[in-house]
Amino acid sequence: QVQLVESGGGTVQAGGSLRLSCAASGRTVSNYGMGWFRQAPGKERESVAVVNWSGDSIYYADSVKGRFTISRDSVRTTVYLQMNILRPEDTAVYYCAAPAENARRWSAPSLRYPGLYAYWGQGTQVTVSS
């Protein structure tokens, strides 16, 4: 089992910044790729950013490229999402997730699909006001 706990959500004005953190524990999480996803009311869950297990492969959704940065710490148990130049359309619940065992070492672009993920955090609300 992999346990994931997100933190860092909140309310910010458009143009502002937030940093989300995801603390992972259980099994050998350092050998898992990790992803950030978001779900706005009435919309499907979508990928935001993914980092592979070693940190050398990263994927960003087109909507966040140049504004968001995903990273993981040196022991690869915490994943961060730095969100800059936030827009009202970024408002959503943000989830951290880890893929199923068979996909844990895939490249980041290959891990952009929510269906590949077996472990999810509880989510953290991000609200961007205009």
Side-chain angles (χ1 to χ4, degrees):
Q1 287 292 326
V2 175
Q3 292 80 41
L4 304 170
V5 179
E6 303 103 334
S7 61
T11 300
V12 64
Q13 288 189 330
S17 298
L18 283 173
R19 189 192 197 202
L20 305 183
S21 298
C22 173
S25 60
R27 303 198 74 163
T28 52
V29 294
S30 60
N31 291 328
Y32 279 72
M34 300 288 289
W36 285 98
F37 297 81
R38 67 187 182 187
Q39 188 165 19
K43 294 188 176 181
E44 292 187 355
R45 190 168 297 187
E46 62 177 2
S47 60
V48 175
V50 178
V51 60
N52 77 327
W53 71 277
S54 61
D56 60 2
S57 175
I58 289 176
Y59 163 84
Y60 293 105
D62 288 344
S63 58
V64 306
K65 280 181 182 176
R67 301 187 298 122
F68 291 12
T69 302
I70 189 171
S71 61
R72 57 193 314 167
D73 66 354
S74 59
V75 294
R76 306 201 300 266
T77 59
T78 301
V79 179
Y80 304 98
L81 185 68
Q82 178 66 44
M83 305 185 295
N84 297 328
I85 318 175
L86 282 160
R87 303 167 179 167
E89 54 263 39
D90 294 319
T91 295
V93 177
Y94 283 70
Y95 298 90
C96 172
E101 175 75 17
N102 65 315
R104 63 187 175 89
R105 286 202 170 198
W106 289 9
S107 69
S110 298
L111 286 173
R112 66 187 184 273
Y113 304 104
L116 294 173
Y117 289 74
Y119 308 101
W120 294 85
Q122 80 285 357
T124 185
Q125 177 71 45
V126 171
T127 302
V128 184
S129 60
S130 57

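If you're wondering where the values come from, they're calculated on a predicted model, not measured in any experiment.
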Problem - For the student: nearest non-hydrogen atoms of Phe37 and Ser47, plus distance - result: CD2-CA, 3.3 Å

Problem - Salt bridge present between Asp62 and Lys65 (N-O < 4.0 angstrom) - result: yes

Handout entry: Joint hydrophobic cluster, Trp106 plus Val79, side-chain heavy atoms closer than 4.5 Å
Key = no

Practice task
Flag the pair Ser63 / Arg38 as yes when at least one side-chain heavy-atom distance between them is below 4.5 Å, and no otherwise.
Solution key: yes

Handout entry: Test side-chain contact (heavy atoms from CB on, under 4.5 Å) applied to Gln125 and Thr91, step by step
Key = CA-CA 8 Å; Gln125 177 71 45; Thr91 295; 4.0 Å; yes

Exercise for the section: Check whether any side-chain heavy atom of Arg76 lies under 4.5 Å from a side-chain heavy atom of Asn31, and answer yes or no. Expected result: yes

Problem - Side chain to side chain, Trp53 and Ser30, heavy atoms closer than 4.5 Å - result: no

Problem - Non-hydrogen atoms of Val51 and Ile70 that approach each other most closely - result: N-CD1, 3.6 Å

Practice task
Report yes or no: do Val29 and Ile58 belong to one cluster of Ile/Leu/Val/Met/Phe/Trp/Tyr joined by side chain heavy-atom distances under 4.5 Å?
Solution key: yes

Handout entry: Polar side chain donor-acceptor pair, Glu101 to Tyr32, under 3.5 angstrom
Key = yes

Problem - Ring centers of Tyr117, Tyr95 separated by less than 6.0 Å - result: no

Practice task
Give a yes or no on whether Gln122 atom CD has more than 12 heavy-atom contacts from other residues, nucleotides or ligands under 6.0 Å away.
Solution key: yes

Exercise for the section: Measure across Arg104 and Pro99 and return the closest heavy-atom pair with its distance rounded to 0.1 Å. Expected result: CA-CG, 3.7 Å

Handout entry: Nearest-0.5 Å distance, CG of residue Leu4 to OG of residue Ser25
Key = 7.5 Å

Exercise for the section: Find out if a path of hydrophobic residues (ILVMFWY) with successive side-chain heavy-atom gaps under 4.5 Å connects Tyr80 to Phe68. Expected result: no

Problem - Separation between OG of Ser130 and CZ of Arg87, rounded to the nearest 0.5 Å - result: 14.0 Å

Problem - Minimum heavy-atom distance between Val12 and Leu18, given as atom pair plus value - result: CG1-CD1, 4.0 Å

Completion exercise
To the nearest 0.5 Å, atom CG of Leu20 lies from atom CD of Gln82 at 9.0 Å

Completion exercise
The reported gap from CG in Leu81 to OG in Ser21 (rounded to nearest 0.5 angstrom) is 9.5 Å

Practice task
Check whether any side-chain N or O of Glu6 sits under 3.5 Å from a backbone N or O of Gly123 as a donor-acceptor pair, and report yes or no.
Solution key: yes

Fill in the blank from the handout: dist Asp73:CG -> Thr78:OG1 (nearest 0.5 Å) comes out at 4.5 Å

Handout entry: Side-chain touch Asp90/Arg67, heavy atoms, less than 4.5 angstrom
Key = yes

Practice task
Measure the spacing between CE of Met34 and CG of Asn52 and express it to the nearest 0.5 Å.
Solution key: 12.0 Å

Practice task
Using the rule that two of Ile, Leu, Val, Met, Phe, Trp, Tyr join whenever any of their side-chain heavy atoms come within less than 4.5 Å, decide whether Trp120 and Tyr59 are in one cluster.
Solution key: yes

Problem - Val50 with Tyr60, same ILVMFWY side-chain cluster at under 4.5 Å - result: no

